[in-house]
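Both counts, for ligands and for their atoms, begin at 1 and track the order of listing. Any value given below was found using the heavy atoms of this structure, including those in side chains, with hydrogens, waters and symmetry copies removed.
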Amino acid sequence: MTTGGVDSVEAASALPGAAVAVVEEDAVVLARLVGVLASVPTLQPFLHLDELLDSDIDTAEGLVLVLGPSQVYEESTLDRVSALLRTEGSFGAVLVVAEPDAATLRMALRAGLDDAVALDRTEEDLPGAVRDLRYRLQSSSSSKTTARPTTPAEHRGRVTTVFSPKGGVGKSVISVNLATALAHRSDRAVALLDLDLQFGDVAVMLRLKPAHHVGEAAAAGSRLDADLLESLLVRHERSGVYVLAAPTDTSEGAKVTSQSISEVLAVMRRTADHIIVDTAPVLDDTVLQVLSESDDIVYVVGMDVPSVKNARLGLQALELVQIPLDRILVVLNRADSRVHLATRDVERALQMKVDASLPSDALVPQSVNKGAPAVLEFDRSRFAGRMREIASLILNRASSEGEP
Ligand SMILES: Nc1ncnc2c1ncn2[C@@H]1O[C@H](COP(=O)(O)OP(=O)(O)OP(=O)(O)O)[C@@H](O)[C@H]1O
Ligand SMILES: [Mg+2]
């Protein structure tokens, strides 16, 4: 038996945090689990889940549920825990399994449990698993209350960047439709910046022939003001969206730097209520700069294993550069495609809640080929409805932060 893990639980338990409940029918095993976690001050043992649900355990700071090996055979227990985990954001659960075979682990994963520990490694692994969950619950509740800096002195439009580290997942379709849906509901201008500097296709998707592009705005440096910016934008008449297009010559795009794009965004914020930024599937300096300045990041994930894998790596990269994850809205695109992934599987892999799902719809490529946003051309489609819901999410976030 090692004691290193117990020490780490002590370290975590020095902070006020989530309560820990252990549920196990076998009293001997229950005593063993409680002994392993003895240093957790908020620990409470229960023989049955019902006892826990009837108890007055304080879950104000969240709850980590440790399910003993007997619980895995109680299907109704797993179903009820699964329902709890779905509805209560500040709950986490770890399963202690007697036989850590693939079928049991899969069942635990499907139920939405956060971790599984083998019974014969309880002493080594359980304290760390509980500590990690308590830490995660604590940081997610504190990140919700983090205020975002604002500059109340001047108008500050909201920047929403649509990003994915994977190509072809629908970033541009979502950017165009999101800007259109927001323009429909905003009093002031909505701008769409095509930052796919090599292969930008926003203009094509809106059937526009822009005379200018973002490279010119970036090259203007400190000369760029609202008037000059306006002269570089092209208006999409049907939606009212103002587009700052990508260069058609890729060498022009190469001149856009992280510093110059930051200046462009600053001027755009002064003139528009919402600035939607479409990006290329790369995490270069320019994209990172824009992501770090964004109020919302619409993180598009496709419903296939490579997309989910890349999405997870992308999130780790964003965390590394300290982009707060609470700015991210995870959007699953083509969520109903005939694949064997469920939303829950994606959430498990990303350790993030999915905020919205868009259906796969043949109307989408049709609208792209027509050069008209689906939210206008096929406004009664399910895809259009879901896009409007994403626009509402952005507007709600803006109003809860006191922005336009
Ligand atoms: N929900 C959907 N239903 C059906 N087709 C879709 C859907 N979303 C996107 N598509 C199609 O997928 C293709 C790729 O979409 P899009 O160009 O928006 O992806 P992207 O992420 O911007 O790609 P890139 O990384 O190359 O810029 C398009 O042909 C589009 O019509
Ligand atoms: Mg694109």
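- Any N or O atom pair closer than 3.5 Å counts here, and F383 shares no such pair with ligand 1.
- The protein non-hydrogen atom at the shortest distance from atom 7 (C) of ligand 1 is V364 CG1, 3.6 Å.
- R185 and S392 share a side-chain donor-acceptor pair at under 3.5 Å.
- Within 4.0 Å of atom 4 (C) of ligand 1, at least one protein heavy atom is present.
- In terms of polar-atom proximity, D278 is not counted as a contact of ligand 1, lacking any N or O under 3.5 Å from an N or O of the ligand.
- Side-chain atoms of Q198 and T250 form no donor-acceptor pair, as typed in the model, at a separation below 3.5 Å.
- Distance check for atom 16 (P) of ligand 1: a protein heavy atom is found below 4.0 Å.
- If you number the atoms of ligand 1 from 1 as listed, the ones under 4.0 Å from a heavy atom of G167 come out as 25 (O).
- Formation of a donor-acceptor pair under 3.5 Å by the Q322 side chain with backbone atoms of E319 is not found in this model.
- When heavy-atom distances to ligand 1 are checked against a 4.0 Å cut-off, P365 comes that close through both its backbone and its side chain.
- An N or O contact shorter than 3.5 Å links G170 to ligand 1 by distance.
- In terms of protein heavy atoms, atom 12 (O) of ligand 1 is closest to R334 NH1, 3.8 Å.
- Annotation: H212, atom NE2; neighbour count of heavy atoms from other residues, nucleotides and ligands within 6.0 Å is above 12.
- Using a 4.0 Å cut-off to heavy atoms of V169, the atoms of ligand 1 that qualify are 19 (O), 20 (P), 21 (O).
- Among the atoms of S175, no N, O or S atom is found under 2.8 Å from the Mg ion (ligand 2).
- In terms of modelled atom types and a separation under 3.5 Å, the side chain of S164 and the main chain of V300 share a donor-acceptor contact.
- Using a cut-off of 4.0 Å between Lys/Arg side-chain N and Asp/Glu carboxylate O, E61 and R134 are scored as not salt-bridged.
- The backbone N or O of A272 sits nowhere less than 3.5 Å from a side-chain atom of Y242 that would complete a donor-acceptor pair.
- Applying the side-chain hydrogen bond (donor to acceptor under 3.5 Å, both in side chains) test to E237 and every residue at least two apart in sequence or in another chain returns R235.
- Within ligand 1, the atoms closer than 4.0 Å to a non-hydrogen atom of P281 are 25 (O), numbered from 1 in the order shown.
- Below 3.5 Å of separation, one finds no N or O of D201 facing any N or O of ligand 1.
- Interface atoms of ligand 1 facing M205, defined by a heavy-atom separation under 4.0 Å, are 17 (O), 18 (O).
- A donor-acceptor pair is defined here as one N or O able to donate and one able to accept, closer than 3.5 Å; such a pair exists between the side chain of H213 and the backbone of G215.
- Distances below 4.0 Å separate heavy atoms of D196 from the following atoms of ligand 1: 27 (O).
- Ligand 1 has at least one atom lying under 4.0 Å from a heavy atom of P359.
- At the top of the distance list for atom 24 (P) of ligand 1, counting protein heavy atoms only, stands G168 N, 3.4 Å.
- Between the side chain of D295 and the backbone N or O of V159 there is at least one donor-acceptor pair closer than 3.5 Å.
- Remark: ligand 1 and S172 share an N or O pair separated by less than 3.5 Å (distance only, no angle test).
- Using a 4.0 Å cut-off between a side-chain N of Lys or Arg and a carboxylate O of Asp or Glu, D249 and K255 do not qualify as a salt bridge.
- Neither the backbone nor the side chain of V300 comes within 4.0 Å of ligand 1, counting heavy atoms alone.
- With hydrogens and angles disregarded, no donor-acceptor distance shorter than 3.5 Å links the side chain of R238 to the backbone of P373.
- In terms of N/O distances under 3.5 Å, ligand 1 is approached by K171.
- The N/O atoms of I174, backbone and side chain alike, include none that comes under 3.5 Å of an N/O atom in ligand 1.
- Remark: ligand 1 atoms within the under-4.0 Å shell around heavy atoms of V368 are 31 (O).
- Side-chain contact annotation: D201 with S172, donor-acceptor N/O pair under 3.5 Å present.
- Of the heavy atoms in V173, both backbone and side-chain atoms come closer than 4.0 Å to ligand 1.
- N333 ND2, 3.6 Å is the protein heavy atom nearest to atom 9 (C) of ligand 1.
- Judged purely by atom type and a 3.5 angstrom limit, N369 has no side-chain atom pairing as donor or acceptor with the backbone of Q366.
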